[in-house]
Amino acid sequence: MSTLVLALVAGAVVGLALGALGGGGSVLAVPALIYLLGFTPAAATTASLIIVTATSATALYTHATSGNVRWRTGALFAAAGIPPAMAAAALAARLPGQLLTAAFAAVAGIAALRMLKSPARGNEARPVRPVRAAGAGAGLGAVTGFLGVGGGFLAVPALVGVLGLRMRAAIGTSLLVITVNSLAALSVRTGGAGPGPGDWAVVAPFTGAAILAAWDGKRLSAAIKGPALQRIFAVVLLSVAAFMLTDAIR
């Protein structure tokens, strides 16, 4: 299978995940870029941020038109994550690729197990506490910068479990958080580690396919119940984490 076809297929999967679940795009994009498209871990995490930023902004628009974005909560959550995201991105640039891969796999695995153990609720909305929102946002920002992920696979459970948003509102709001955090981390990483001319031949079609698929993901999220979507994604995420961790410790 040609590189272009692989990039288009992987991009479509990433876009569906972001559009349907409000996260998970970069958790799938990074291993796809490394194992299918031949990127180094450092280049893959930077390229992932480019792909996820563009796709999340598109998915954010689709969810906003349906009233699924809690702008005030999302802005507070995202703002608290900007400084940690930038600091962690600078640190990650100095670490070996194998360590980043192992850390990525460990975080993804933990998130998947938590999602399987406690499917998203969201039947009752609770008042949002600013301190909780800021604390959760700061932690997510650090993960975004360090691992080169948008953090949606952690943001959605946090928005539901910690801040009490309903599942559909959490999905839409997480896209605002992902877009802001990814931009912050990207501003640090692309200072000296942006994709080269050859990489853009992969990144561009990957991003285009992801953006188009994000629209279908939004429709998918409306057709399937939130807990069912979360369980499906958790199984996929756990499989990816296990594969990456095995490869990292080889």
Study note, to complete from the structure: Closest non-hydrogen atoms of Pro205 and Ala7, given as atom of the first, atom of the second and distance, are CG-CB, 4.4 Å
Review point. Any donor and acceptor pair, going by atom type alone, linking the side chain of Thr173 with main-chain N or O of Ala170 inside 3.5 Å?
Key: no
Point to revise | Euclidean distance, Leu16 CG relative to Arg219 CZ, rounded to 0.5 Å | key: 10.0 Å
Point to revise | Minimal non-hydrogen separation, Ala102 against Leu245, with atom names | key: O-CD1, 4.1 Å
Check your understanding: Do Leu37 and Ile34 share a hydrophobic cluster (ILVMFWY, side-chain heavy atoms under 4.5 Å, transitive)?
Key -> yes
Practice item. Could you pull out the closest heavy-atom pair between Val69 and His63, with the gap in Å? Key: CG2-C, 4.1 Å
Check your understanding: Can you list the steps and then say if Phe206 with Leu8 is a side-chain contact (heavy atoms from CB on, under 4.5 Å)?
Key -> CA-CA 5 Å; Phe206 196 122; Leu8 291 172; over 6 Å; no
Practice item. Indicate the atoms forming the closest heavy-atom contact of Ala88 with Ala142, along with that distance. Key: CB-O, 3.2 Å
Check your understanding: Do Ile51 and Ser48 come within less than 4.5 Å of each other through their side chains, counting heavy atoms only?
Key -> no
Check your understanding: Short question: side chain of Thr55, backbone of Val52 - any donor-acceptor pair under 3.5 Å?
Key -> no
Point to revise | same_hphob_cluster(Leu76, Leu183) at 4.5 Å side-chain heavy-atom cutoff | key: no
Check your understanding: Do the side chains of Ile50 and Tyr61 join up, straight or via other hydrophobic residues, at under 4.5 Å, putting them in one cluster?
Key -> no
Review point. Do Asn68 and Ile171 pass the side-chain contact (heavy atoms from CB on, under 4.5 Å) test, and can you show the C-alpha distance, the side-chain angles, and the key distance before you say yes or no?
Key: CA-CA 8 Å; Asn68 291 334; Ile171 289 173; over 6 Å; no
Point to revise | Euclidean distance, Thr207 OG1 relative to Leu212 CG, rounded to 0.5 Å | key: 11.0 Å
Practice item. Compare every heavy atom of Leu175 with every heavy atom of Leu18, then report the nearest pair and how far apart it is. Key: O-CD2, 3.8 Å
Check your understanding: So if you build clusters from Ile, Leu, Val, Met, Phe, Trp, Tyr with side-chain heavy-atom gaps below 4.5 Å, do Leu4 and Ile211 land together?
Key -> no
Study note, to complete from the structure: Closest non-hydrogen atoms of Met86 and Ser187, given as atom of the first, atom of the second and distance, are CE-OG, 3.8 Å
Review point. With a 4.5 Å limit on heavy-atom distance, are the side chains of Val30 and Phe39 in contact?
Key: no
Check your understanding: Does Trp215 share a hydrophobic cluster with Val14, counting links as ILVMFWY side-chain heavy atoms below 4.5 Å and allowing steps through other members?
Key -> no
Check your understanding: Between the main-chain N or O of Thr179 and the side-chain N or O of Ser182, is there a donor-acceptor pair closer than 3.5 Å?
Key -> no
Review point. Quick one: OG1 on Thr46 to CG on Leu33, what's the gap to the nearest 0.5 Å?
Key: 10.5 Å
Point to revise | Tyr35 atom OH, over 12 foreign heavy atoms within 6.0 Å | key: yes
